[in-house]
Novice: 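Here's a structure for you.
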Amino acid sequence: MTDSQEKVTFDDVAGIDEAKEELQEIIEFLRDPRKFTRLGGRIPKGVLLVGAPGTGKTLLARAIAGEAGVPFSASAGLILWKCLSASEPPCP
């Protein structure tokens, strides 16, 4: 996280209490991965948040990173979706 980015936490995200509860284990893993790897857990490649535009996915992802104290990195999924969609021709 750079100095120009503010730390976002769950206090900044309103109205999705169920999602916050579901994500607590991911936050716990990000804080202390050794706790899980000792038990045989594997490090996840990432988390995919799905929803319509403007529903707060990026804000929620920033809050997860802020709660866990880890850097935030985002990637747009439109290209991946078009590559995986059966209605689109295969990606080059």
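In what follows, every heavy atom counts, from backbone to side chain, and hydrogens, waters and symmetry copies are set aside.
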Novice: Does the side chain to side chain contact (heavy atoms under 4.5 Å, CB included) test come out yes or no for Leu30 and Ile64, once each step is laid out?
Specialist: CA-CA 9 Å; Leu30 291 171; Ile64 292 168; 4.0 Å; yes
Novice: Would you give the length of the straight line joining atom CG of Leu49 to atom CG of Leu60, rounded to the nearest 0.5 angstrom?
Specialist: 5.5 Å
Novice: Decide yes or no for Phe36 and Glu28: does some side-chain heavy atom of the first lie under 4.5 Å from some side-chain heavy atom of the second?
Specialist: yes
Novice: Are the side chains of Phe72 and Val8 in contact, using a 4.5 Å heavy-atom criterion?
Specialist: no
Novice: Of all the heavy-atom pairs spanning Pro71 and Ala65, show the shortest one and how long it is.
Specialist: O-CB, 4.0 Å
Novice: When you measure from the side chain of Lys35 to the backbone N and O of Phe29, does any donor-acceptor pair fall under 3.5 Å?
Specialist: no
Novice: Would you say the side-chain atoms of Lys20 pair up with the backbone N or O of Gly15, donor to acceptor, closer than 3.5 Å?
Specialist: no
Novice: Is Thr55 reaching over with its side chain to a backbone N or O of Gly51, donor-acceptor style, under 3.5 angstrom?
Specialist: no
Novice: Mind checking the CZ-CZ spacing from Phe10 to Arg62? Nearest 0.5 Å is all I need.
Specialist: 14.5 Å
Novice: For Glu67 versus Thr9, what's the shortest heavy-atom pair and its separation?
Specialist: OE2-CB, 3.1 Å
Novice: Indicate the atoms forming the closest heavy-atom contact of Leu59 with Asp12, along with that distance.
Specialist: CD2-O, 3.9 Å
Novice: Hey, does Leu48 have a side-chain heavy atom less than 4.5 Å from the side chain of Val50?
Specialist: yes
Novice: How long is the span from the CG atom in Leu23 to the CD atom in Glu18, to the nearest 0.5 Å?
Specialist: 10.5 Å
